[in-house]
Amino acid sequence: MDFHLIPLLVIGFLAGLMDAAVGGGGLLQIPALFNTLPNSVPVTSVMGINKFASFSGTFTASIQFVRKIRVPWKMLLPAAVLAFLASYSGAKLVAYLPVHYIKPAMLAIMAVMFVYTFFKKDLGQIARTTQLSRKETAWGLFFGALIGFYDGLFGPGTGSLLAFVFVRFFAYDFLTATASAKVINLTTNLAALTFFVPNGHIVWAWALPLAAANLCGGLVGTHLAIRGGSRFLRYGFMALLCVLIGKFGWDLLHTV
């Protein structure tokens, strides 16, 4: 038995739990993979293993959420298709675009999101009962494509961006926003896998047990999110933004 796998599975469970509850599981899982897997494993394989495991956890969370939370399927389904295509395009272009310029922009966006959420106490606390207008549906398609492209190109914070869009621009509560974000995030993960799997970038001996750990964590995280409700998710969302801001800030300081 590979004893290096045990701590990675613990991290995988926690990453799945965190990702299902508030998002940002990759912040735990990706560093753990780089620190645990042998140095001979290519970066593309590390990212492929991460995406496969993340897909399993997100799939589990999505199923649990949509069974109990009503989501705007009329807008979500076409937005998910556009997000899939945009995410695949972003993954194909990652080698040609200056990704290092994205971190400062994301740092600023995350800071604005945190300040807005902090001072807007009632943001995402009231459940919407009306249908989306045609204009709102069109904006949903636009944001789905835009954030899907970002996920394929770079990735960290995708779930937070999606949740914030659903809360701020469509006036959904955090619980509905989180459930909706999971559906779109699932398709962007699937888009990445259409590149990683056919090109042999997944080491199945690592990916399968890590996926099982993510799946279990996703079940627990979804239960906590639904039980805690929108207030719990608001605090979790702001905590995650703090972590993302710290991560992007730390990375920028060490690249100057």
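Count residues from 1 along the sequence.
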| said: Checking T188 now: which residues fulfil side-chain hydrogen bond (donor to acceptor under 3.5 Å, both in side chains) with it, not counting sequence neighbours? | reply: D151, N185

| field | Counterpart residues, ring-ring contact (aromatic ring centres under 6.0 Å, His included), relative to F34 (two or more places apart) | value |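 F34 satisfies ring-ring contact (aromatic ring centres under 6.0 Å, His included) with no other residue.
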
| request: Quick one: list whatever passes ring-ring contact (aromatic ring centres under 6.0 Å, His included) with Y235, sequence neighbours left out. | output: none

Determine yes or no for a side-chain-to-main-chain donor-acceptor pair under 3.5 angstrom, with [X] supplying the side chain and [Y] the backbone.
| X | Y | result |
| --- | --- | --- |
| R70 | T176 | no |
| T187 | A80 | yes |
| N199 | H201 | no |
| T58 | F55 | no |

Is there a continuous path of hydrophobic side-chain contacts, each under 4.5 Å between heavy atoms, that joins [X] to [Y]?
| X | Y | result |
| --- | --- | --- |
| L33 | M47 | yes |
| L141 | F169 | no |
| M238 | V243 | yes |
| L190 | L215 | no |
| M18 | L224 | yes |

Inter-residue atom distance [X].[atom1] - [Y].[atom2], 0.5 Å rounding:
| X | Y | atom1 | atom2 | result |
| --- | --- | --- | --- | --- |
| T137 | L132 | OG1 | CG | 5.0 Å |
| I202 | N50 | CD1 | CG | 10.5 Å |
| W139 | S133 | CH2 | OG | 12.0 Å |
| I69 | S62 | CD1 | OG | 12.5 Å |
| E136 | M75 | CD | CE | 8.5 Å |
| W206 | T36 | CH2 | OG1 | 6.5 Å |

| Between F195 and Y88, is a ring-ring contact (aromatic ring centres under 6.0 Å, His included) present by the stated rule, with each step listed? | CA-CA 8 Å; F195 170 75; Y88 186 82; 7.2 Å; no

Minimum heavy-atom distance between [X] and [Y], given as atom pair plus value:
| X | Y | answer |
| --- | --- | --- |
| A211 | S56 | CB-OG, 3.3 Å |
| C242 | F114 | SG-CE1, 3.5 Å |
| P198 | L193 | CD-O, 3.5 Å |
| A79 | G140 | CB-O, 3.8 Å |
| A163 | A177 | O-CB, 3.6 Å |
| T178 | A21 | CG2-O, 4.4 Å |

| said: Looking only at side-chain N and O atoms, does D19 offer a donor or acceptor that is under 3.5 Å from a partner on Q29? | reply: no

| Residues two or more places apart in sequence or in another chain: which of them pass side chain to side chain contact (heavy atoms under 4.5 Å, CB included) with P42? |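 P42 satisfies side chain to side chain contact (heavy atoms under 4.5 Å, CB included) with T44, S45 only.
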
| In chain order, what residues pass the side chain to side chain contact (heavy atoms under 4.5 Å, CB included) check against V183, with sequence neighbours excluded? |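 Only V66, W73, L76 meet the side chain to side chain contact (heavy atoms under 4.5 Å, CB included) criterion with V183.
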
Any side-chain heavy atom of [X] within less than 4.5 Å of one from [Y]?
| X | Y | result |
| --- | --- | --- |
| K182 | L186 | no |
| I184 | I147 | no |
| L37 | V46 | yes |
| S87 | Y150 | no |
| I49 | F196 | no |
| N214 | F13 | no |

| task | Apply side chain to side chain contact (heavy atoms under 4.5 Å, CB included) to the pair T194 and F84, showing each step before the final yes or no. | result | CA-CA 10 Å; T194 62; F84 178 96; 3.9 Å; yes

| task | Over 60° means perpendicular and under 30° means parallel, so classify the ring planes of F52 and W204, tilted if in between. | result | perpendicular

| field | Pairwise salt bridge (charged side-chain N to carboxylate O under 4.0 Å, His left out) hits with a residue in residues 21-42, at least two apart | value | none

